[in-house]
2 protein chains.
Amino acid sequence: MNIGAAAEHSGLPAKTIRYYEDIGLLRASRAMNGYRDYTSDDVHRLKFLQRARSLGFTVEECRQLLSLYADKNRDSADVKAIASNKLDEIDTKIAQLQSLRAVLSHLIANCHGNDRPDCPIIDDLAGEAH
Amino acid sequence: MNIGAAAEHSGLPAKTIRYYEDIGLLRASRAMNGYRDYTSDDVHRLKFLQRARSLGFTVEECRQLLSLYADKNRDSADVKAIASNKLDEIDTKIAQLQSLRAVLSHLIANCHGNDRPDCPIIDDLAGEAH
DNA sequence: GCTTGAACTTCCAGTTTCTGGAACCTTTAT
DNA sequence: ATAAAGGTTCCAGAAACTGGAAGTTCAAGC
């Protein structure tokens with residue numbers, strides 16, 4: 001599969017896919033004509049990258065995440081440690097998103113136009129850091 | 001409150017807070033000595049920014065989000081439109097995080113060491129884009 | 001009151017993560 | 001055969017920080 005199709009399937013621009021290859025995040029094999037050639041497995045990884053990046057994981061974190069299900073030679077305990085670490089991060093992110101969601105949906109429901117900026121409920125929700 | 005305290009409370013480095021002021025995202029008033037002076041309301045906004053950024057919203061999106069609960073003079077229908085737009089984005093992000101979570105937790109539970117790279121369940125989950 | 005160190009200020013340069021564009025080659029369609 | 005579409009590399013620029021220099025202000029101890 002050419003880079004254009006891989007881009008379409010993964011949701012990443014071709015430019016970005018080439019960049020990821022540049023920095024050694026995901027290299028594709030080449031066809032005889034010199035074009036990059038992506039397997040469906042590559043595309044899965046690209047999708048995975050697209051998501052993880054759009055959710056605020058850094059490229060280095062993505063590298064770790066990818067290594068989790070790409071590296072056959074890694075010690076199982078190792079995998080578990082890194083993965084459960086990432087699980088915690090994901091759970092935190094989910095909680096934060098749900099809190100943001102609560103702020104916004106409350107905004108829509110109750111605070112339109114009149115007393116918004118100082119709405120104590122919003123302040124409360126927005127302040128519920130962790 | 002000085003920038004150091006604001007940084008501590010918001011979870012953002014002072015450098016980043018100054019940068020946000022540079023680009024007009026959140027400007028603080030100044031004390032007589034020239035130091036930036038943050039109200040608790042400012043700190044709420046900073047916390048809000050910290051979260052939204054770490055969850056993959058761009059600075060411009062954050063600007064929009066902030067305007068939602070900062071702008072008294074905006075038409076209520078306007079606010080609702082932008083906010084429900086953002087709600088959808090947040091819901092998508094939550095769904096994606098939950099999918100990532102499923103991938104990882106399955107990895108931890110079932111695919112350690114032996115048949116990981118081609119584990120069909122992982123492929124399935126990772127491929128479940130939207 | 002003086003000094004020292006931490007915290008503040010601005011400014012400029014460098015990093016990360018893309019993104020756009022030029023110049024050129026390959027494939028596909030007419 | 002030719003034109004358009006899509007691939008290649010390379011280099012430059014943008015977005016969002018981040019580090020460091022040079023100088024000012026504040027708080028604490030002698």
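Just so we're on the same page: letters track the sequence lines, and every chain starts at 1. Basis for what follows: all heavy atoms, side chains included, without hydrogens, waters or symmetry-related copies.
Around atom CD of A/E8, no more than 12 heavy atoms belonging to other residues, nucleotides or ligands sit under 6.0 Å away.
The residue among B/T58 and B/N33 whose nearest nucleotide of DNA chain D lies closer to the 5′ end is B/T58. With DNA chain D read from its 5' end, the first of the two nearest nucleotides for B/Y19 and A/R36 is the one closest to A/R36.
Distance CD1 (A/I17) to C1' (D/dT8): 15 Å, rounded to an integer number of Å. Rounded to an integer number of Å, the gap from NZ of A/K15 to C1' of D/dA14 is 13 Å.
Protein chain A touches strand DNA chain C; the 5'-most and 3'-most nucleotides with an atom under 4.0 angstrom of its non-hydrogen atoms are C/dT17 to C/dT27.
Looking at heavy-atom distances under 4.0 Å, B/R53 makes contact with sugar-phosphate atoms alone, never a base. Using a 4.0 Å heavy-atom criterion, one finds that A/I23 contacts no nucleic acid atom at all.
At the phosphate of D/dT9, OP1 or OP2 sits under 4.0 Å from a side-chain N or O atom of A/R30. Between B/Y20 and the phosphate of D/dC17, there is a side-chain N or O to OP1/OP2 separation shorter than 4.0 Å. Within the 4.0 Å cut-off from OP1 or OP2 of D/dT8, at least one side-chain nitrogen or oxygen of A/R18 is found. Phosphate contact (OP1/OP2 of D/dT18, side-chain N/O of B/T16, threshold under 4.0 Å): present.
Side chain of A/S99 to backbone of A/A95: no donor-acceptor contact under 3.5 angstrom is found. Using a distance-only test at 3.5 Å, with no hydrogens or angles considered, no donor-acceptor pair links the side chain of B/D37 to the main chain of B/S29.
The side chain to side chain donor-acceptor pair (under 3.5 Å) test applied to A/S40 returns no partner, not counting sequence neighbours. Applying the side-chain contact (heavy atoms from CB on, under 4.5 Å) rule to A/R18 yields the partners A/I3, A/A14, A/R36; only residues at least two apart in sequence or on another chain are considered.
The existence of a salt bridge linking B/E21 and B/R30 is confirmed by a sub-4.0 Å separation between a basic side-chain nitrogen and an acidic carboxylate oxygen.
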